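Heads up, the thing below is written out as structure tokens.
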Amino acid sequence: MFSKIRNILTSRIFWIGILLLLEIGLIVLFVFAIAGSMKDTFHLNDNQVAIIFIVALFIISGLVVIYIVNSHVKMAYKVAWLVVVALLPLVGCFFYLLFGNKKVTNRQRRKAKPIIELLGVNKTNPVIAKELKAENLDALKMVDYITSASGTNVYKHTKTQYYPSGEAAFPVMLKELKKAKHFIFIEYFIISPGIFWNAILDVLKKKAQAGVDVRIIYDDVGSAKYLPSSYAKKLQSYGLKVLVFNKFKPLLDVKLNNRDHRKIMVIDGVVGFSGGINLADEYINKIHPFGYWKDNAIKLEGEGVHGLTSLFLSQWILTFNTKENKLVRLTDKAYQKYFPSSLNTPSDGYVQPYGDLPYDTESVGERVYLNLIARAKKYIYISTPYLIIDDEIVNALINAAKQGIDVRILTPSHPDKKTIFMITRSHYRLLLANGVKIYEYKPGFVHMKMFVVDDIYAVVGTINLDYRSLYLHLENATFFYKSSCISAMKKDFMYCLKDGHEITYKAYHNYAAPRRFVWSLLRLFAPLF
């Protein structure tokens with residue numbers, strides 16, 4: 001009991017919450033101070049001051065409502081915040097400024113633009129484009145979209161390997177890290193000391209001492225529960241280069257919403273890892289806070305790693321804003337050491353790593369998912385920890401199911417966040433009523449984010465089916481076409497279904513009516529989670 005209290009009191013997450021509450025409290029005190037000053041200056045009584053503040057509150061709320069209605073965001077997102085502002089005018093406005101206003105500032109756009117251009121390829125590799133045009137025009141269209149929207153190209157000459165769990169990927173990652181001779185790039189949402197991270201850190205320290213260029217990016221809020229604020233300096237003392245993304249500041253700042261949710265590991269530009277796992281022990285099932293943690297990872301060897309390298313370097317340059325960003329492209333000579341030739345690597349289908357940034361109006365992650373759904377002819381298998389989706393994705397899935405396409409979605413049965421779990425279930429009814437099949441994974445928590453379509457297309461990455469992943473966070477994923485790992489992904493998905501419980505339309509309505517009502521009520525606020 002006392003250890004739990006001590007852990008809470010020493011947690012950075014706890015103090016982040018306290019700082020936010022203090023900020024809101026200071027704003028409230030400021031309002032009361034203004035009220036007192038008005039009374040003294042203009043000789044007003046309490047009723048007159050109250051009327052003035054009520055009118056001012058309506059004006060402020062009205063302006064916020066007008067701003068929300070005219071913002072370029074999804075309708076569900078607008079409705080959720082309109083309800084919050086209507087129910088809690090003053091507090092709702094403050095919370096919208098803090099958490100809801102996801103519009104990227106002009107300063108952020110100006111800072112990001114040269115990096116997006118630096119990363120940008122803009123045109124699919126002409127040799128591959130010609131091959132795909134002759135073989136599968138739908139695949140070419142998918143690749144063309146990702147290239148133009150994300151700025152990363154498609155590759156052949158790449159070996160692929162799929163790992164159905166964190167514990168399966170862990171020893172392979174360690175083995176490859178130990179082989180590093182030139183550089184190691186690591187970018188993760190969560191880093192947490194333990195068996196997993198400590199083993200990796202031991203290798204990184206030795207490699208840095210041997211002259212290997214080791215760079216690490218981790219998200220400040222994502223790792224706040226596990227790392228002290230001084231942790232970056234500790235890593236730097238080992239000779240590692242460290243970037244803490246978007247350090248938390250208790251301010252009404254839109255950047256608070258933008259988190260680095262990516263998972264990227266690159267070794268010498270020839271081997272790369274990505275997928276759902278973070279560098280923490282629950283991801284390799286050394287601890288079990290939510291039952292068995294079902295996750296996945298992919299390994300790329302060859303040219304496809306160049307896409308992961310580009311994503312990492314663009315983020316590194318963007319955040320540090322060093323002289324490097326004056327270079328026109330990552331294809332310049334100064335960067336060639338990070339992109340070694342891999343033409344001798346045998347091809348295993350087509351591989352295209354890509355990223356999604358909140359610094360523009362293009363929701364690449366969502367659009368890729370929608371493009372996959374639209375191109376399905378036989379089946380669509382989806383694994384996601386959260387099912388908090390807007391009408392566009394819902395309608396696309398229903399439309400596919402009504403065409404006779406086998407649409408199956410795997411979600412957890414053990415929630416990591418109870419409120420989000422209830423919102424996930426609130427989306428079941430309409431999907432089930434229209435032929436979409438939903439399964440909950442009984443052994444524990446499903447964290448893998450994966451689409452498998454028709455045995456020929458797949459996406460594995462960090463992009464959840466929720467509003468934060470789709471619109472607010474920096475994310476990454478890999479698109480596969482005709483790669484051998486796709487069959488392994490399908491096999492893994494079907495294996496999970498055997499350990500899953502199918503939620504039928506009838507079974508959904510067997511849940512108590514009050515529970516279903518709470519789910520429906522929470523769904524109204526789904527975009528806020």
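In this text the structure is predicted, and so the values were computed from the model without any measurement.
You'll find the ring centres of His414 and Phe290 outside the 6.0 Å limit.
To the nearest 0.5 Å, the span separating CG on Leu279 from OH on Tyr283 amounts to 9.5 Å. Between the OG1 atom in Thr160 and the CD1 atom in Ile486 there is a gap of 8.0 Å [rounded to 0.5 Å]. Here the CD1-CD1 distance, from Ile388 to Ile423, works out to 5.0 Å after rounding to the nearest 0.5 Å. Atom CG of Asp348 is separated from atom NZ of Lys482 by 12.5 Å, given to the nearest 0.5 angstrom. Atom CD of Gln315 is separated from atom OG of Ser310 by 13.0 Å, given to the nearest 0.5 angstrom. Atom OG of Ser383 and atom NZ of Lys449 lie 8.5 Å apart (nearest 0.5 Å).
Shown are Asp268, Asp213, Val266; of these, the side-chain contact (heavy atoms from CB on, under 4.5 Å) with Tyr338 is made only by Asp213. None of Phe479, Phe451, Tyr457 except one satisfies the ring pair (Phe, Tyr, Trp, His ring centres under 6.0 Å) rule with Tyr369; the exception is Phe451. Lys294 pairs with exactly one of Asp499, Asn285, Asp492 by the side chain to side chain donor-acceptor pair (under 3.5 Å) rule, that one being Asp492. Exactly one of Tyr218, Phe189, Tyr471, Phe245 qualifies for a ring pair (Phe, Tyr, Trp, His ring centres under 6.0 Å) with His261. That residue is Phe189.
Under the 3.5 Å distance criterion, the side-chain polar atoms of Ser223 are left unmatched by any main-chain donor or acceptor of Asp220. Panel note: side chain Asn246, backbone Asp260; no donor-acceptor pair is recorded below 3.5 Å. Within the 3.5 Å criterion, the main-chain N or O of Gly302 finds no donor-acceptor partner in the side chain of Thr345. The backbone N or O of Gly276 lies less than 3.5 Å from a partner atom in the side chain of His447, making a donor-acceptor pair. Using a distance-only test at 3.5 Å, with no hydrogens or angles considered, a donor-acceptor pair links the side chain of Asn153 to the main chain of Asn125. Although no hydrogens or angles enter the test, the distance criterion places a donor-acceptor pair under 3.5 Å between the side chain of Arg262 and the main chain of Glu475. No donor-acceptor distance shorter than 3.5 angstrom exists from the side chain of Thr147 to the backbone of Tyr145, with no hydrogens or angles considered. Thr152 places no side-chain N or O within 3.5 Å of a backbone atom of Gly307 that could act as its donor or acceptor partner. In this structure, Asp356 contributes its side chain and Gly365 its backbone to a donor-acceptor pair below 3.5 Å.
When all heavy atoms of Leu387 and His427 are compared, the closest pair comes out as O-ND1, 3.2 Å. A pairwise comparison of heavy atoms in Glu440 and Ser413 identifies CB-CB, 4.0 Å as the closest pair. In this structure, Ser274 and Asn476 approach most closely via the heavy-atom pair OG-ND2, 2.8 Å. The heavy-atom pair separating Thr384 from Ile409 by the smallest distance is CG2-CG2, 4.3 Å. Of all the heavy atoms in Phe312 and Arg215, the pair that sits closest is CZ-CB, 3.7 Å. When every heavy atom of Ala149 is checked against every heavy atom of Glu362, the shortest pair comes out as CB-CG, 4.0 Å.
Sparse packing is recorded around NZ of Lys286, with 12 or fewer heavy atoms of other residues, nucleotides or ligands lying under 6.0 Å away. Within a 6.0 Å radius of NZ in Lys159, other residues, nucleotides and ligands contribute 12 heavy atoms or fewer.
Counting heavy atoms from C-beta on, the side chains of Val172 and Tyr163 come closer than 4.5 Å. The shortest side-chain heavy-atom distance between Pro358 and Leu472 does not fall under the 4.5 Å cut-off. Residues Trp316 and Leu243 form a side-chain contact, since some pair of their non-hydrogen atoms from C-beta on lies under 4.5 Å apart. Looking only at side-chain heavy atoms (C-beta outward), Met489 and Phe480 come within less than 4.5 Å of each other. Taking the side chain as every heavy atom from C-beta outward, Asp295 and Asn278 never approach each other to under 4.5 Å. Counting heavy atoms from C-beta outward, Leu201 and Tyr238 have side chains that approach closer than 4.5 Å. When side chains are defined from C-beta on, Thr411 does not count as touching Val446, because their heavy atoms never get closer than 4.5 Å. Side-chain contact check for Leu300 versus Pro353: some heavy-atom pair is nearer than 4.5 Å.
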### Message
If you apply the rule side chain to side chain contact (heavy atoms under 4.5 Å, CB included), what do you find for Tyr162 with Asn296, and how did you get there?
### Response
CA-CA 8 Å; Tyr162 175 77; Asn296 62 6; 3.3 Å; yes
### Task
Take Met448 and Cys496 through the test side chain to side chain contact (heavy atoms under 4.5 Å, CB included) and record every step on the way to the result.
CA-CA 11 Å; Met448 59 183 184; Cys496 289; 3.9 Å; yes
#### Entry: Derivation of the side chain to side chain contact (heavy atoms under 4.5 Å, CB included) call for Met450 and Leu410
CA-CA 10 Å; Met450 182 170 71; Leu410 179 69; over 6 Å; no
### Audit row: Leu227, Val244, side chain to side chain contact (heavy atoms under 4.5 Å, CB included) steps and yes/no
CA-CA 11 Å; Leu227 302 179; Val244 182; over 6 Å; no
Contacts under 3.5 angstrom, residues 176-187 side chains, donor-acceptor by atom type, not counting sequence neighbours:
residue, atom, partner, partner atom, Å
Glu176, OE2, Lys299, NZ, 3.0

Could you tabulate the donor-acceptor pairs under 3.5 Å formed by side-chain atoms of residues 191-200, not counting sequence neighbours?
residue, atom, partner, partner atom, Å
Trp197, NE1, Tyr231, OH, 2.8
Asn198, OD1, Gly194, N, 3.4
Asn198, ND2, Gly194, O, 3.0

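The salt bridge (charged side-chain N to carboxylate O under 4.0 Å, His left out) search around Lys175 returns none, not counting sequence neighbours.
The existence of a salt bridge linking Glu392 and Arg367 is confirmed by a sub-4.0 Å separation between a basic side-chain nitrogen and an acidic carboxylate oxygen.
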